[in-house]
Amino acid sequence: MDQHWVYIVLFGLVFIIYAKIIPKASGAKGQGSPTVQEIEEAMEHFTAELDEQNKALIQLLAETKRDYEVQTAKLTSRLEIVEKQSALTNQELNKLGFAYEELQKKIAHPPEKVPVIELQKPRIEEKIIDDEAPPIAMNLKSRYEELFSLFEQGKSVEYIAKKLNMNKGEINLIFQLAKQEEKLNAH
């Protein structure tokens with residue numbers, strides 16, 4: 001039985017030591033738990049950090065907005081320049097297209113050739129008297145009355161050619177033939 005007694009004493013000692021250790025652990029836990037003042041300080045610190053972060057974010061957004069507006073202004077001016085260039089290019093293309101269409105029409109339907117006046121051989125009357133030159137049925141001045149009228153008014157060969165829709169070479173030929181005709185009639 002002696003041995004039980006030892007067990008009871010040992011059990012008591014363990015109980016006393018345990019009782020002394022528990023209040024110290026509770027006191028340590030009490031010091032470890034935050035007080036209201038510490039919580040308030042932590043909250044103030046947290047709000048101060050949030051304010052700083054908000055200010056930095058607002059500044060970043062303002063800079064981004066400014067950059068966006070600058071880029072938008074640049075792009076708008078570039079767009080206006082491109083639109084002006086596009087309008088000018090379209091005008092040039094329209095002019096070229098019109099000229100191209102006109103050229104295609106001329107190629108597809110060439111203008112009528114300038115009428116060539118065929119000179120008729122003078123008619124010889126059946127009665128030839130005394131080996132005289134046969135008279136010309138119609139002299140050039142009466143045949144080309146309008147041409148000679150314009151020439152006598154002092155109009156240029158170019159003007160007459162345009163007005164009568166004739167070639168300049170053709171007009172000059174008619175004038176030369178008329179001179180020869182006058183010389184023949186003068187003899």
Side-chain angles (χ1 to χ4, degrees), residues 48-187:
E49 285 181 9
L50 277 178
D51 284 343
E52 288 177 21
Q53 289 176 356
N54 284 342
K55 286 178 184 177
L57 185 61
I58 289 171
Q59 184 178 2
L60 181 64
L61 286 174
E63 289 174 4
T64 304
K65 182 180 176 185
R66 209 172 314 121
D67 290 344
Y68 171 77
E69 289 172 352
V70 168
Q71 289 289 45
T72 302
K74 285 180 183 179
L75 291 175
T76 301
S77 67
R78 284 183 182 175
L79 181 62
E80 289 173 359
I81 291 170
V82 168
E83 285 175 345
K84 287 178 185 177
Q85 288 175 345
S86 175
L88 291 174
T89 303
N90 283 339
Q91 288 175 354
E92 290 297 318
L93 284 174
N94 287 338
K95 287 178 186 176
L96 289 174
F98 179 73
Y100 179 76
E101 288 174 8
E102 290 297 316
L103 184 60
Q104 288 295 344
K105 287 178 185 176
K106 287 180 181 178
I107 291 171
H109 306 290
E112 294 180 18
K113 293 183 179 179
V114 176
V116 177
I117 298 174
E118 295 179 18
L119 298 175
Q120 295 178 354
K121 293 182 182 178
R123 295 182 192 168
I124 301 175
E125 291 185 19
E126 291 186 20
K127 296 179 186 177
I128 298 178
I129 305 173
D130 298 327
D131 290 332
E132 290 182 17
I136 299 175
M138 184 176 198
N139 70 10
L140 286 173
K141 285 195 175 189
S142 62
R143 186 170 176 195
Y144 297 104
E145 212 175 294
E146 188 177 3
L147 184 140
F148 286 101
S149 170
L150 291 170
F151 185 72
E152 288 171 3
Q153 292 174 11
K155 304 296 181 189
S156 68
V157 175
E158 289 84 9
Y159 176 81
I160 296 170
K162 286 181 183 177
K163 177 133 175 107
L164 299 177
N165 198 20
M166 298 173 74
N167 290 329
K168 290 187 274 185
E170 185 179 1
I171 292 172
N172 287 328
L173 178 64
I174 293 170
F175 286 147
Q176 288 175 356
L177 291 174
K179 285 180 186 177
Q180 288 178 0
E181 185 178 89
E182 285 178 7
K183 285 181 186 177
L184 288 174
N185 288 339
H187 294 303

Test of understanding: with side chain to side chain contact (heavy atoms under 4.5 Å, CB included), list the residues that count as partners of Thr89, not counting sequence neighbours.
Leu93

For Lys168, give me all partners under side-chain hydrogen bond (donor to acceptor under 3.5 Å, both in side chains), at least two apart in sequence or on another chain.
none

How would you list all residue pairs meeting ring-ring contact (aromatic ring centres under 6.0 Å, His included) that involve residues 160-184, not counting sequence neighbours?
Phe148-Phe175, Phe151-Phe175

Under the rule for side chain to side chain contact (heavy atoms under 4.5 Å, CB included), what residues qualify as partners of Lys162, not counting sequence neighbours?
none

Residues at least two apart in sequence or cross-chain that pass side chain to side chain contact (heavy atoms under 4.5 Å, CB included) with Ser156, listed by chain then number, are Glu158, Tyr159

Kindly indicate, with the supporting measurements, whether the criterion side-chain contact (heavy atoms from CB on, under 4.5 Å) is fulfilled by Leu184 and Gln180.
CA-CA 6 Å; Leu184 288 174; Gln180 288 178 0; 5.5 Å; no

Please identify which of these residues, Leu147, Val157, Ile160, meets the side-chain contact (heavy atoms from CB on, under 4.5 Å) condition with Met166.
Leu147

Kindly write out the residues that satisfy salt bridge (Lys or Arg N to Asp or Glu O under 4.0 Å) with Lys141, not counting sequence neighbours, or none if the list is empty.
Glu182

Could you grab the distance from atom CG of Leu79 to atom NZ of Lys74, nearest 0.5 Å is fine?
16.0 Å

Got a list of side-chain donor-acceptor pairs under 3.5 Å for residues 49-71, not counting sequence neighbours?
from: Glu49; atom 1: OE2; to: His45; atom 2: NE2; distance (Å): 2.7
from: Asn54; atom 1: ND2; to: Leu50; atom 2: O; distance (Å): 3.4
from: Thr64; atom 1: OG1; to: Leu60; atom 2: O; distance (Å): 2.8

Residues forming a side chain to side chain contact (heavy atoms under 4.5 Å, CB included) with Glu146, sequence neighbours excluded:
Leu150, Lys163, Leu164

Testing the basics here: between Asn167 and Ala161, what is the closest heavy-atom pair and its distance to 0.1 Å?
C-CB, 4.3 Å

Counting N and O atoms only, with roles assigned by atom type, does the side chain of Ser149 sit under 3.5 Å from a partner on the main chain of Glu145, one being a donor and the other an acceptor?
no

